[in-house]
Amino acid sequence: MSGWEKLRDDFPILAQRVHGQPLIYLDGAATTQKPRAVLEAMDRFYQEDNSNVHRGIHELSRRATLAFEAARDRTAKFINARESAEIIFTRGTTEGINLVANTWGVKNLKPGDVILLTEMEHHSNIVPWQMLAERTGAKLAYLPVTGDDGLLDLKHLDDLLGPKVKLFAFTHISNTLGTINPVAEFCARARKQGIVTLVDAAQSAGHRPLDAQEIGCDFLSFSGHKLCGPTGIGALYGRRELLEAMSPYQGGGDMISSVDFFQSSWNSVPHKFEAGTPNIAGAIGLHAALDYLAAIGLDQIAKHDAELAGYAFEKMSRLPGIRLFGPKGGRAGVISFMLGNIHAHDVVTVADQYGLALRGGHHCNQPLMRKLGVESTARASFYFYNNMEEADRLVEVLKEIQRFFGE
Ligand code: 7TS
């Protein structure tokens with residue numbers, strides 16, 4: 001048994017049958033499964049140390065605070081932040097982006113300023129900026145996707161990074177196309193023009209090594225649940241200089257230094273952005289997930305993702321009438337497709353009967369879908385606990401589906 005096969009045993013959920021068939025979970029881009037180490041770390045916290053953080057002097061509160069702040073240190077190390085204060089715990093990628101829009105964005109944007117996005121963004125990296133544009137009078141602009149190959153039009157990037165652009169926000173990996181964007185290059189080109197950058201790392205965190213300093217971004221947001229961690233926890237990285245100049249996100253307990261009846265002063269960074277009782281068990285679960293991934297090796301995971309997706313993409317491309325989206329090579333472990341004229345929801349519904357968990361829909365990429373001329377796609381997304389046999393089974397089931405629909 002290979003090392004990868006052994007790792008599957010760490011995921012109790014994968015051992016089950018669905019509709020009488022062994023479960024093949026190919027929906028990690030929506031959320032990944034959780035290894036025992038994560039489940040046990042959270043269980044241990046609730047059984048032994050549960051208490052609130054940053055307030056009690058008693059022993060349990062001391063332990064909870066230490067564990068919560070240790071999770072912040074671990075997260076800082078995971079993305080190579082300069083210091084732990086640059087890590088704000090959030091509910092996930094979406095909240096991190098909203099935090100930047102509502103704090104940095106509200107303070108720094110004025111009518112006529114431009115927020116540059118790309119055509120492959122998830123709704124969570126579009127809608128907060130639309131809301132901000134509405135509030136501030138700023139405008140949105142988009143770096144185009146070139147076609148089914150799913151690459152961004154880099155030739156026009158410098159033209160688009162004009163003097164009115166104040167922010168460039170882009171995804172590292174597309175959750176529909178599997179494109180891996182050259183984010184360090186994006187940041188370098190934006191920085192030359194004094195433009196602030198935000199990386200949506202929802203699909204890259206946990207899939208490849210991430211180094212915020214090497215990428216050179218100002219902000220980077222990701223979710224714990226897409227990298228073997230629990231739901232409801234994520235992190236926003238921000239360069240300290242920017243975080244210091246930003247106003248708080250929400251008001252409440254823990255984010256203040258002192259409160260008077262009519263005014264308050266703020267706690268230090270990052271606490272001024274974390275109002276109220278945080279997701280303590282979530283942070284502890286995230287810590288366990290990051291340790292778990294580090295023990296496997298993120299470069300190994302990236303290699304595994306690429307090999308498996310490359311293998312599946314090649315086999316799928318031989319199916320008659322299939323339309324595959326995204327780059328042919330150098331792609332992440334996400335494959336979107338249309339099986340002839342069969343509706344994506346039908347593909348996913350029938351695949352479910354064979355024990356396969358796929359996703360069908362617009363994947364929160366409606367503008368991109370329109371650009372590609374489709375309403376929805378079916379999507380298989382792979383992680384390190386998936387294997388070649390599962391990719392083979394996917395292709396067999398897709399053939400069955402084609403037969404079933406007479407395609
Ligand atoms: N950005 C990207 C690129 C994503 O893929 C997602 C979630 C998000 C942001 C939002 O993350 P959240 O954790 O805050 O919800 N993507 C998907 C998906 O592809 N299928 O379900 C969720």
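All residue numbers in this chain count up from 1 along the given sequence. One-based numbering, in listed order, for ligands and for the atoms of each.
Using a 4.0 Å cut-off to heavy atoms of T93, the atoms of ligand 1 that qualify are 9 (C), 11 (O), 14 (O). Of all the atoms in ligand 1, the ones that sit under 4.0 Å from a non-hydrogen atom of S223 are 11 (O), 12 (P), 13 (O), 14 (O). Those atoms of ligand 1 that come under 4.0 Å of a heavy atom in A202, given as number and element, are 1 (N), 2 (C), 4 (C), 6 (C), 8 (C), 9 (C).
The 12-atom threshold is exceeded at CD of Q300, counting heavy atoms of other residues, nucleotides or ligands nearer than 6.0 Å. Around CD of Q213, the count of heavy atoms belonging to other residues, nucleotides or ligands within 6.0 Å exceeds 12. Within a 6.0 Å sphere centred on CD of Q16, other residues, nucleotides and ligands contribute more than 12 heavy atoms.
For atom 9 (C) of ligand 1, the nearest protein heavy atom (residue, atom name, distance) is S124 OG, 3.1 Å. What sits closest to atom 1 (N) of ligand 1 on the protein, heavy atoms only, is D200 OD2, 2.5 Å. Shortest contact from atom 4 (C) of ligand 1 to any protein heavy atom: H122 CD2, 3.4 Å. Protein heavy atom at the shortest distance from atom 17 (C) of ligand 1 is K226 NZ, 3.1 Å. The protein atom (non-hydrogen) at minimum distance from atom 5 (O) of ligand 1 is Q203 NE2, 2.7 Å. The single protein non-hydrogen atom nearest to atom 14 (O) of ligand 1 is T94 OG1, 2.5 Å, given as residue, atom name and distance.
Aromatic ring centres of F170 and F168 lie closer together than 6.0 Å. For H362 and H123, the distance between ring centers is under 6.0 angstrom.
No hydrogens or angles considered: nothing links the side chains of R393 and N387 as a donor-acceptor pair under 3.5 Å.
Of all the heavy atoms of R379, the ones lying under 4.0 Å from any atom of ligand 1 belong exclusively to the side chain. Under 4.0 Å from ligand 1, the heavy atoms of H225 that appear belong solely to its side chain. Looking at T171 against ligand 1, only its side chain comes within 4.0 Å, counting heavy atoms.
The backbone N or O of L26 sits nowhere less than 3.5 Å from a side-chain atom of N386 that would complete a donor-acceptor pair.
By the 30° and 60° cut-offs, the orientation of the rings of W104 relative to F219 is perpendicular.
By the 4.0 Å heavy-atom criterion, R359 is counted among the residues contacting ligand 1. Ligand 1 lies within reach of A29, whose nearest heavy atom is under 4.0 Å from it.
Of the polar atoms of N175, at least one N or O is found under 3.5 Å from an N or O of ligand 1, judged by distance alone.
R189 and D158 get closest at one heavy-atom pair: CD-OD1, 3.0 Å.
With a 4.5 Å cut-off on side-chain heavy atoms, V38 and F11 do not count as touching.
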